[in-house]
2 protein chains.
Amino acid sequence: MITLRDKTYTCPIDVSLSFVNGKWKILILGHLHQFEKSSYSHLRENLPGVSEKMLAQQLKELEGDGLLMKNVLSAKPYRVEYTLTERGRSLAPLTAFLSEWGIDYLKENGIDYLKDQHLYK
Amino acid sequence: MITLRDKTYTCPIDVSLSFVNGKWKILILGHLHQFEKSSYSHLRENLPGVSEKMLAQQLKELEGDGLLMKNVLSAKPYRVEYTLTERGRSLAPLTAFLSEWGIDYLKENGIDYLKDQHLYK
DNA sequence: CTGAATCCTATAGGATACTG
DNA sequence: CAGTATCCTATAGGATTCAG
C-alpha cells in the first residue's frame, strides 16, 4: 500500500487511475489534446450525453488535480477557455493509445472510423 | 456517434474505455501483464480491498470481452489459471504507461516506488 | 455563455455466508 | 481452492431549474 496525502493506493497504476476516474475525464482530456483549447459549450457539444453537473464537476476535479487550467477570456460577456497544463499534456500517450486501440478494434468489426469519421458526428 | 452491437460510443476512446471500465479491470490486466498467469487467490491477494463479488464479476467480463482466458488446471482439487489473450496483451502499453506515469508522479512527491517497492507490499 | 443548486435514482460496488 | 448467492448502501451520475 502506498500512502500519499491521506489516500492509499495499491500500486502506481492505481495512483494514475485516481486522476482519470470518472465517466468523462479521459474523454475531456482527449478532447483537449485534440483541440488544445476549448470553451465550456464546445466541450459540451463534443461530449454527447454529458450532463451539466458532470461536465462542471469533472472539469473542476481535473483543474484541482492540475491537469487543466481555466482561463477567463472576458467577464462580460462571460467567456472561458480550458487548456491542458504540462501535467495534463503528459497524459497525451494515454489518450493517443486508447484512440488508436479503439480505431483498431472498430476496424476489426467492419468500421473504418478514420475514413468515415464524418458519419459519426 | 458510433454504433456497434446495439451500443453507442462517442468516439474510439469511448470504445476502448468500454473494455476497461470498472474499478478493478485495469489493475487485473496490469497484474496479468506482470505475472503472465495467475490463480484466483493470487489475484485476490494482489488486489488489496477487492471483494469476491467484484473480482469474480470483472474477471467474467474481461473473459467475455476476450481480454483474458480461464484455464482449468485440475478438477479435484479445483485449480484455475488466468492468462491474457492476444487482445488482452495488446493493452500492455496502457498498463505500462499508467504504471510509469504513476511512478513519476510519486517521485515528484517524494516517494521512490521502485527503490522502496518492498515497503509497499 | 458558464456554470451552480437541487433533487432523484440506478447501479457499481462491498460484506458476508455458503457451496462443489 | 474458486467461486455463488444475497443483501445492502454509498455515490456516481442524470435531469432540470436557476443565476451572474
Side-chain angles (χ1 to χ4, degrees), chain A residues 1 6-10 13-14 17-29 31-32 35 37-65 67-83, chain B residues 1 7-10 13-14 17-29 31-32 35 37-65 67-84:
Chain A
M1 281 295 188
D6 293 334
K7 292 190 176 180
T8 60
Y9 308 92
T10 69
I13 293 180
D14 202 19
L17 291 177
S18 71
F19 283 87
V20 295
N21 58 354
K23 191 172 176 181
W24 304 95
K25 283 190 184 174
I26 292 184
L27 296 177
I28 291 171
L29 294 173
H31 174 93
L32 286 176
F35 293 100
K37 58 184 65 171
S38 184
S39 66
Y40 183 86
S41 50
H42 187 222
L43 273 160
R44 193 179 45 207
E45 289 164 12
N46 279 271
L47 299 176
V50 70
S51 65
E52 301 285 350
K53 182 190 171 190
M54 289 316 296
L55 181 54
Q57 178 180 309
Q58 308 225 329
L59 282 171
K60 263 194 181 172
E61 290 180 14
L62 288 167
E63 188 186 4
D65 283 337
L67 298 186
L68 56 79
M69 291 186 319
K70 177 170 94 171
N71 309 306
V72 177
L73 297 183
S74 73
K76 193 176 164 196
Y78 187 54
R79 290 180 187 279
V80 300
E81 175 183 273
Y82 289 94
T83 55
Chain B
M1 279 296 187
K7 292 191 177 179
T8 60
Y9 308 92
T10 68
I13 293 180
D14 202 20
L17 290 178
S18 72
F19 283 88
V20 295
N21 58 355
K23 191 171 176 181
W24 304 95
K25 284 189 184 174
I26 292 185
L27 296 177
I28 291 171
L29 293 173
H31 174 93
L32 286 176
F35 292 102
K37 57 184 66 172
S38 183
S39 65
Y40 183 86
S41 49
H42 188 221
L43 274 160
R44 192 177 47 207
E45 290 163 13
N46 280 272
L47 299 176
V50 70
S51 66
E52 300 285 351
K53 182 189 171 190
M54 290 315 296
L55 180 55
Q57 179 180 308
Q58 308 226 327
L59 282 170
K60 265 191 180 171
E61 291 180 15
L62 289 167
E63 188 186 4
D65 283 337
L67 298 186
L68 56 80
M69 290 185 320
K70 177 169 94 171
N71 309 307
V72 177
L73 298 183
S74 73
K76 196 179 164 194
Y78 187 53
R79 289 177 189 280
V80 301
E81 176 183 271
Y82 289 94
T83 55
L84 293 172

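Naming convention: chains lettered A, B, ... in sequence-line order (proteins, then strands); numbering from 1 in each chain. Note that the coordinates shown come from a computational prediction; the quantities given were computed from them, not determined experimentally.
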At their closest point, which heavy atom of B:T83 faces which heavy atom of B:K37, and how far apart are they? CG2-CB, 3.7 Å
When the distance from NZ of A:K76 to P of C:dT2 is rounded to whole Å, what number comes out? 17 Å
Tell me: CD of B:E63 to C1' of D:dA2, nearest whole Å? 13 Å
Does A:K60 have a side-chain nitrogen or oxygen under 4.0 Å from the phosphate oxygens OP1 or OP2 of C:dA4? yes
Are any non-hydrogen side-chain atoms of A:L27 and A:N46 less than 4.5 angstrom apart? no
Rounded to the nearest Å, what distance is computed from the CG atom of residue B:L73 to the C1' atom of nucleotide D:dA2? 12 Å
Considering non-hydrogen atoms only, spot the tightest contact between B:L68 and B:Y82 and give its length. CD1-CD2, 3.9 Å
Take atom CG of A:L43 and atom C1' of C:dT2, then tell me their distance rounded to the nearest Å. 12 Å
Can you tell me the distance, in whole Å, between the CG atom of A:L55 and the P atom of C:dT2? 10 Å
Show your reasoning for whether side chain to side chain contact (heavy atoms under 4.5 Å, CB included) applies to A:I28 and A:V50. CA-CA 11 Å; A:I28 291 171; A:V50 70; over 6 Å; no
In B/S/- notation, 5' to 3', how is nucleotides 5-20 of chain C contacted by protein heavy atoms closer than 4.0 Å? -BB-----BBB-----
Whole-Å gap separating P (D:dA2) and CG (B:N46): 13 Å
Would you mind reading off the distance between A:Y82 atom OH and C:dT2 atom P, rounded to a whole angstrom? 8 Å
Can you check whether B:K25 reaches B:N21 side chain to side chain, under 4.5 Å on heavy atoms? yes
Between B:L29 and B:L84, is there a side-chain heavy-atom distance shorter than 4.5 Å? yes
